[in-house]
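FYI, side chains are in, hydrogens and waters are out, and symmetry mates aren't considered; it's all heavy atoms of this structure. All chains are named by letter (A, B, ...) in the order of the sequence lines, taking the proteins before the strands, and each is independently numbered beginning at 1.
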There are 2 protein chains.
Amino acid sequence: MSFTYRYARPALTVDAVVFGLDDEDLKVLLVERAGEPFRGTWALPGGFVNVGEDLEVAARRELAEETGLRLADAYLEQLYTFGAPGRDPREHVVSCAWYALVNIRDHEVRAATDAADARWWRVQALPDLAFDHAHILEVAGERLRGKVRYRPIGFALLPERFTLSQLQHLYETLLGRGVDKRNFRKKMLALGFVVDTGETETDVPRRPARLYRFDEARYRQLEREGFEMWV
Amino acid sequence: MSFTYRYARPALTVDAVVFGLDDEDLKVLLVERAGEPFRGTWALPGGFVNVGEDLEVAARRELAEETGLRLADAYLEQLYTFGAPGRDPREHVVSCAWYALVNIRDHEVRAATDAADARWWRVQALPDLAFDHAHILEVAGERLRGKVRYRPIGFALLPERFTLSQLQHLYETLLGRGVDKRNFRKKMLALGFVVDTGETETDVPRRPARLYRFDEARYRQLEREGFEMWV
DNA sequence: AGAGCTTAGTGTGCACATAACACTAAGCAC
DNA sequence: GTGCTTAGTGTTATGTGCACACTAAGCTCT
């Protein structure tokens, strides 16, 4: 079967930049390519968009197919569309890139279709990447660093219940600088959408911390009222 | 001549949302469609991307072809890629939308290829639009309103030399609210990249105002030093 | 020439937000 | 119960945002 058009068309793909956070670092999910071109090279999960398929749906599908990861309550947003001729050695391929923030512990990752392997890599120590994926990752990193300061998207990187220390560690990691503990806690609690669950950590070899959660409904309410956060 | 592929491909287009400002309002450049579908309906200028053509180049080309407008020192940025199946009645068409800010007086507009007419419309009083272009325009408006507050992109809407009153009018129009004259002037001049040219207006039936210009080199310098604006 | 019109241009004070800073509290391990 | 580790807490100084009203300068019209 084949498809014929009156004019030549660039191919259209989606790629996903999935960020995760563990106790140490910011990580990104990559797959090792099983097919040509760039066989054996690490790359962002992604692939061709089907006709009649929404771009976001395509991004989720390719991600699930190649890494086994299904985005549920993760944060997912379109990043940018990369269309420079020559970015794919085969032909002109335009890629609509998306980025996602997930809690690493919630998601089992396994290599699948078209991928020889799939695993998390430290953003600070990436392998060589296929295509222009290093560039895409750079753009994604900038967007993440920029956006986390005025939108509460970072919470998607944490478990549902988290301590203020974890939240602070998250911001320090993303912003790349330390912040003052007292000021940070004051500011976060003053925002009004980081709420105390009444629970505390268990099984930790030290004083247990209170557990908080991100109250999304409250955030949306405040947003409607014209409130603005700035970290 | 025709082109055959192993798998079906969505078509790929670019659309341009060009904003301009005159003494009264924020305007947007639209074309009246000369061909089907939506013949006779107003739409964003745009069209199919050629194979081997960069997306930004395609956006500029389509804009020039349909409206005669050539973006030189205008601000141009990718907006979002719209790919919902059904957004074009013919088939699955994915559109990479761009938005631009230009100084209306610098640009002559005339209908050309594929367009029966081309003209500026007040953003507040738009006609019915073809495809999902009303939605694209809405997204563009949000982006503009958001971005103008922390990036000095608004200057692209003004002539090279402008008065602080013009600049204030610009911000008031974009933000949709009045601002205090004294505070506005203090803040703008404190930024350091709005510089006095030493000249003043001529031929105005009132006290002439000083003319300022946007010093882009200075802005880039400050940006590198980690400075941040916020209006 | 002078009166009137129109927009340009200017400073202060108060309220609030940010940033710097160090010690006690609580639970666990040994 | 001692020691270790991280949790949790307030005050002060400084800077920024915001409200607010009058004089200055050039032109027009008579």
Side-chain touch F82(A)/I136(A), heavy atoms, less than 4.5 angstrom: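 Yes - at least one pair of side-chain heavy atoms lies under 4.5 Å apart.
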Test item: L170(A) and L158(A) side chains (from C-beta on) under 4.5 Å apart, heavy atoms: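 SC-SC contact between L170(A) and L158(A) confirmed.
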Measure the distance from [atom1] on [X] to [atom2] on [N] and round it to the nearest whole Å.
X	N	atom1	atom2	value
E228(A)	dG17(D)	CD	P	13 Å
M188(B)	dA8(C)	CE	P	16 Å
M229(B)	dT16(D)	CE	C1'	16 Å
H169(A)	dA7(D)	NE2	P	12 Å
L164(B)	dT10(C)	CG	P	9 Å
D203(A)	dT6(D)	CG	C1'	16 Å
F184(A)	dT9(D)	CZ	P	15 Å
D23(A)	dT6(D)	CG	C1'	14 Å

Parallel, tilted or perpendicular, as decided by the 30° and 60° cut-offs, for the rings of Y219(A) and F214(A):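 Rings of F214(A) and Y219(A): tilted, 30 to 60°.
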Parallel, tilted or perpendicular: ring planes of F162(B) versus F155(B), cut at 30 and 60 degrees: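 Judged by the thresholds at 30° and 60°, the geometry between F162(B) and F155(B) is tilted.
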Flag for R224(B)-Q221(B): side-chain donor and acceptor within less than 3.5 Å: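 Looking only at side-chain atoms, R224(B) and Q221(B) do form a donor-acceptor pair, the distance falling under 3.5 Å.
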Short side-chain donor-acceptor distance under 3.5 Å, Y75(B) and E77(B):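 A donor-acceptor contact under 3.5 Å links the two side chains.
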Matching residue for R210(B) among T197(B), D196(B), T200(B) - test: side chain to side chain donor-acceptor pair (under 3.5 Å):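 So the option named by the test is D196(B).
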Sugar-phosphate, base or nothing in reach of R185(B), heavy atoms under 4.0 Å: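 Counting heavy atoms under 4.0 Å across all strands, the contact made by R185(B) includes a base.
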Sugar-phosphate, base or nothing in reach of S165(A), heavy atoms under 4.0 Å: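 It contacts sugar-phosphate atoms only.
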Whether over 12 other heavy atoms sit under 6.0 Å from R119(A) CZ: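 Above 12, so yes.
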Pairing of R149(B) and E228(A) as salt bridge, 4.0 angstrom limit: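 Judged by the 4.0 Å cut-off on N to carboxylate O distance, R149(B) and E228(A) do form a salt bridge.
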Provide a list of protein-nucleic acid N or O atom pairs under 3.5 angstrom, restricted to nucleotides 28-30 of chain D.
none

Per-nucleotide protein contact string for nucleotides 18-25 of chain D (B base, S sugar-phosphate only, - none; heavy atom under 4.0 Å): BBBB--BB
